[in-house]
Amino acid sequence: MRFQDPMSLVKDLHCSGVKVIWMLDPGIKKEEGYFVYDSGSKNDVWIQNADETPFVGTILFYFFLLD
């Protein structure tokens with residue numbers, strides 16, 4: 001779902017008693033054919049290692065540990 005005016009949405013939610021946090025996820029799936037990955041590669045926007053290759057990290061999900 002996309003929101004034309006996210007600040008207005010947050011203000012409306014706040015007025016209704018809903019608490020909201022913003023989360024920016026810097027993790028991008030490294031998969032050719034995925035438009036976000038392809039666009040980032042085309043525009044050379046990735047964080048780079050010292051040898052100027054794109055940094056690739058490991059993402060861990062711990063949700064399975066929750067009861």
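No hydrogens, no waters, no symmetry mates; every other heavy atom, side chains included, goes into these values. Numbers here simply count residues along the sequence, with the first being 1.
In this view, Glu52 satisfies the salt bridge (charged side-chain N to carboxylate O under 4.0 Å, His left out) rule with no residue, not counting sequence neighbours.
Linking ILVMFWY side-chain heavy atoms closer than 4.5 Å, directly or via other members, places Val45 and Tyr34 in a single hydrophobic cluster. Connection of Leu9 to Trp22 is established within a shared hydrophobic cluster, with ILVMFWY side chains joined at heavy-atom distances below 4.5 Å, either directly or through further cluster members. Cluster annotation: Phe35 is connected to Trp46 through the hydrophobic network of ILVMFWY side chains, with a link wherever side-chain heavy atoms come within less than 4.5 Å. Both Val18 and Met7 are assigned to one and the same hydrophobic cluster, defined by single-linkage of ILVMFWY side chains at heavy-atom distances under 4.5 Å.
One finds the CG atom of Asn43 at 11.0 Å from the CG atom of Asp38 (value rounded to the nearest 0.5 Å).
Under the 3.5 Å distance criterion, the side-chain polar atoms of Ser41 are matched with a main-chain donor or acceptor of Tyr37. Judged by distance alone, with hydrogens and angles left aside, the side-chain atoms of Asn49 form no donor-acceptor pair with the main-chain N or O of Asp51 at under 3.5 Å.
Residue Glu32 places its CD atom among 12 or fewer non-hydrogen atoms of other residues, nucleotides or ligands, all under 6.0 Å distant.
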